[in-house]
Number of protein chains: 2
Amino acid sequence: MNKDEERLTVVNVVASTRVAEELDLPDIAIQLNCEYEPEQFPGVVYRVTDPKLAILMFRSGRAVCTGGKDEQNIHTGIDRMIKDLRKAGITTWDLKDVEIEVQNMVATYALHYPEDYDGTALRDTLDMKMGTPLAGLPRKLNLNNLTFHLPFDKVEYEPEQFPGLIYRLDHPKVVCLIFGSGKMVITGARHKDEILEAVQIIQDELADLL
Amino acid sequence: MNKDEERLTVVNVVASTRVAEELDLPDIAIQLNCEYEPEQFPGVVYRVTDPKLAILMFRSGRAVCTGGKDEQNIHTGIDRMIKDLRKAGITTWDLKDVEIEVQNMVATYALHYPEDYDGTALRDTLDMKMGTPLAGLPRKLNLNNLTFHLPFDKVEYEPEQFPGLIYRLDHPKVVCLIFGSGKMVITGARHKDEILEAVQIIQDELADLL
DNA sequence: TCCGCTTATAAACCCCTATTTAAAGAACAC
DNA sequence: GTGTTCTTTAAATAGGGGTTTATAAGCGGA
């Protein structure tokens, strides 16, 4: 595992699937004791404790699983839900016919100075005194500068509305929320590879500002 | 029945009539258990279940029937309403004196490529692979192109406000809502002939874009 | 004299509702 | 000062509401 992967944490995986031809939601809500307020939202909310997940089930037999840390979590949750449905006498598809598609992954990444960076702290700060070598340490950012350095039409930064700078990449097609602390949130990816690609691209663009 | 008539569906017929010299609306609302909120709207709403219709009755004895799929539906509804009024002891005109005038017809039409069209799909799409002969298949439209092809002063197209292109014909005097899917809504006609005429005119104008 | 009210109806878009999750600010409450 | 709660982003799912057009009736308001 390289530095990028170490500093990257997938915090949420969302996937969609179909577990039955159709589902009787009012019945399921009662049988499995799930949240169901049809006038507020058409789906039933089925919750799994460990891993902590929330699965939304719909009348069409389709379902959306959120909260996973990886794809394995999602499978575990869906399998458990199907077993629960069957125990309650509800007809579902065979497990082998249930296909799961990851639709979104959210990750956080903490920016650091390159290991071979030769710059030093320009002045004393709360956690570092002037002259400390910065190589390998967490890197803070000046978002106002960044706004001008990145492609204008891909960036949105309105600190009064939201503290993060919003950066939309075309390839991979993901969105990054970049914060002054040097931490960022990457979302919209369907595979972890896309997240790592995005991180690499941003690191390269930020290298110019060192 | 030709192709145009097969692809055309009349979804709503509105007609006006007069069933009495005058009507005591508060009394009718109670006797026939109808909706009546005079401070909100001056008419009583009389509903028929099958066919599903809504008839508005006014103090003047006039009435408006909406929701019919054809003129026969309208007659059925009016007849039933008059019988109901009489059963409740309310005086109405003789059925023979009740004249019904269709005031508006709404229809949908699904555009298709001509049966003798020799074009083929230009590229792969969700439902068709490149090269498939298009003759007789549903035809999608590029409304932006259409905007420039049809008479400027008869067209309105503001996709951010409404997804359909609004095309006002003078003869027949109807309005067509044309959608990117190739489906359209024709309204404002008093006879089915006018709807078929309008469809033919539009097909001719669209032939230029093939 | 217009305007809105109300009724029905299709087309296909928008937005809202709900679920998850991190980041870092502001705004409240206690 | 510690809490919640809100802001933003992505994605699937799916109901509900709104948008537009035509048309009659008749009552209230500028």
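Each chain gets a letter, A, B and so on, in the order the sequences are listed, and its residues count up from 1.
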query = With nearest nucleotides of DNA chain C determined for B:Leu177 and A:Asn12 from heavy-atom distances, which residue corresponds to the more 5′ nucleotide?
reply =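 Comparing both residues, the 5'-ward one is B:Leu177.
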
message = Need to verify one output field. Residue with the more 5' nearest nucleotide on DNA chain C, B:Pro163 or A:Lys69?
response =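 Looking at the nearest nucleotide for each, B:Pro163 comes out on the 5' side.
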
message = Quick one, A:Arg139 and A:Leu134 - any side-chain contact, counting heavy atoms below 4.5 Å?
response =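 When only atoms from C-beta onward are counted, A:Leu134 and A:Arg139 do not touch, as no gap falls below 4.5 Å.
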
Residue [X], side-chain atoms from C-beta onward, closest of [options]:
X	options	value
A:Ser60	D:dA14, D:dG26, D:dC27	D:dA14
B:Val64	D:dA25, D:dA12, D:dG15	D:dA25
B:Thr66	D:dC27, D:dA24, D:dT21	D:dA24

query = B:Arg168 or A:Val106: which one's nearest nucleotide on DNA chain D is closer to the 5' end?
reply =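 Residue closer to the 5' terminus by nearest nucleotide: A:Val106.
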
query = Taking for each residue the nucleotide of DNA chain D with the nearest heavy atom, is it A:Pro42 or A:Glu156 whose nucleotide lies nearer the 5' end?
reply =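 In this pair, the answer is A:Glu156.
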
Counting the atoms with a prime plus P, OP1 and OP2 as sugar-phosphate, which does [X] contact under 4.0 Å by heavy atoms, base, sugar-phosphate, or nothing?
X	answer
A:Arg18	nothing
B:Thr17	nothing
A:Val14	base
B:Leu56	base
A:Val185	base
B:Thr9	nothing

If I take atom [atom1] in residue [X] and atom [atom2] in nucleotide [N], what distance separates them, rounded to the nearest angstrom?
X	N	atom1	atom2	result
A:Leu53	D:dA11	CG	P	21 Å
A:Glu101	D:dA11	CD	P	13 Å
A:Ile195	D:dA10	CD1	C1'	11 Å
B:Arg62	D:dT23	CZ	C1'	15 Å
B:Ile178	D:dT20	CD1	C1'	13 Å
A:Tyr167	D:dT9	OH	P	17 Å
B:Gln161	D:dG18	CD	C1'	12 Å
A:Ile55	D:dA12	CD1	P	18 Å

Residue from A:Leu150, A:Leu146, A:Ile166 passing side chain to side chain contact (heavy atoms under 4.5 Å, CB included) with A:Val155 =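 For A:Val155, the side chain to side chain contact (heavy atoms under 4.5 Å, CB included) test succeeds with only one of A:Leu150, A:Leu146, A:Ile166, which is A:Leu150.
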
query = D:dA24 base to B:Ser16 side chain: any donor-acceptor pair below 3.5 Å?
reply =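 No.
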
query = Does A:Arg190 place a side-chain N or O at less than 4.0 Å from the phosphate oxygens OP1/OP2 of D:dA11?
reply =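 Checking A:Arg190 against D:dA11: no side-chain N or O falls below 4.0 Å of OP1 or OP2.
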
request  = Quick one: closest heavy-atom pair of B:Cys34 and B:Val45, and the distance?
outcome  =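 Taking every non-hydrogen atom into account, CB-O, 3.3 Å.
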
message = Tell me whether B:Lys173 is salt-bridged to B:Glu194, with the criterion being a basic N under 4.0 Å from an acidic carboxylate O.
response =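 No, no charged N to carboxylate O under 4.0 Å.
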
query = So does A:Asp70 pair up with A:Lys192, basic N to acidic O under 4.0 Å?
reply =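 Salt bridge absent between A:Asp70 and A:Lys192.
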
query = Counting only N and O atoms by type, is there a donor-acceptor contact under 3.5 Å from the side chain of A:Thr9 to the main-chain atoms of A:Ala107?
reply =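 The answer is no, because no donor-acceptor pair under 3.5 Å joins these two groups.
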
inquiry  = Going 5' to 3' along DNA chain C, which are the first and last nucleotides with any atom under 4.0 Å from a heavy atom of chain B?
reply    =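 Contact boundaries, 5' end first: C:dC5 to C:dC13.
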
ask   = Within a reach of under 6.0 Å around CZ of A:Arg18, are more than 12 heavy atoms found that belong to other residues, nucleotides or ligands?
value =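 Yes.
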
request  = Quick one: pull up CD1 in A:Ile178 and CG in A:Leu165 and give me the separation to the nearest 0.5 Å.
outcome  =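 One gets 5.5 Å once the value is rounded to the nearest 0.5 Å.
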
